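The figures here come from the full heavy-atom set of this structure, side chains too, leaving out hydrogens, waters and symmetry mates. Since we're looking at a predicted model, the values are computed, not measured.
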Amino acid sequence: MNRRKTRKQEAVRVALEGQEGYLSAQALHRILEQQGTPMGLSTVYRNLTGLCEAGIADVLRSPDGTTLYHTCHSPQGIHHHLVCRSCGRTVELELTEADAALRTAAAERGFVQADPAWDVFGLCAICSTQDAHL
């Protein structure tokens, strides 16, 4: 983020880091309110966008179309995610061999600067066990 850091920006970053999985801006807004850091939803969105641009946060679109955010823990840049569609738990993966194969396939088809990124949605072990007991 090129602009000067603000207290609200830092509050959004810290609140996002405190979450295990992906969450929506609306959910993060509620968390900030509960923590006693009130701010407008548009301020939360603006700061999340800045965190994504700075590589501090990841963004993805869930199967239902919701935009979700998560603190980026991978120092490598391009990485993939396993996301539990029940609880939102997220695991980052680095699949360099698969990435290389996809870049080669893209180049063979005339695409350049291909940066593969996968978001795989399923159920984590805990949620799948709970699901089986319902």
query = Nearest 0.5 Å, what's the CG-CG distance between Leu16 and Leu51?
reply = 6.5 Å

ask   = Looking at Ala25 and Val44, what are the two nearest heavy atoms and their distance?
value = O-CG1, 3.8 Å

task = Applying side-chain contact (heavy atoms from CB on, under 4.5 Å), run through Asp58 and Tyr22 and close with a yes or a no.
result = CA-CA 9 Å; Asp58 287 327; Tyr22 275 84; 3.2 Å; yes

message = With a 4.0 Å cut-off on N to O distance, would you call Arg13 and Glu10 a salt bridge?
response = yes

message = Measuring from atom CD of Glu17 to atom NE2 of His70, what distance do you get when rounded to the nearest 0.5 angstrom?
response = 10.0 Å

inquiry  = Looking at every heavy atom in both Cys87 and Cys124, which two are closest together, and how far apart are they?
reply    = SG-SG, 3.8 Å

ask   = Counting heavy atoms not belonging to Phe121, are there more than 12 under 6.0 Å from its CZ?
value = yes

query = Does one hydrophobic cluster hold both Val120 and Leu60, with members joined at side-chain heavy-atom distances below 4.5 Å?
reply = no

ask   = Between Ser24 and Leu68, which heavy-atom pair has the shortest distance, and what is it?
value = N-CD2, 3.6 Å

Nearest-0.5 Å distance, CZ of residue Phe111 to CG of residue Leu102 = 12.5 Å

query = Any side-chain donor paired with an acceptor under 3.5 Å for Thr43 and Arg46?
reply = yes

Atom pair CG/OG1 of Leu48 and Thr67 - distance to nearest 0.5 Å = 10.5 Å

task = First locate atom CZ of Arg109, then atom OG1 of Thr104, and finally report the distance between them rounded to the nearest 0.5 Å.
result = 10.0 Å

ask   = Looking only at heavy atoms, which two atoms of Ser86 and Leu123 are closest? And how far apart?
value = CB-CD2, 3.7 Å

key: Qualifying residue for side-chain contact (heavy atoms from CB on, under 4.5 Å) with His29, from Leu41, Thr37, Leu23   = Leu41

ask   = Would a 4.5 Å heavy-atom cut-off, applied to side chains only, mark Asn47 and Tyr45 as touching?
value = no

request  = Quick one: pull up OG1 in Thr66 and CD in Gln26 and give me the separation to the nearest 0.5 Å.
outcome  = 7.5 Å

note = All heavy atoms of Met39 vs all of Val12, minimum pair found to be SD-CG2, 3.7 Å

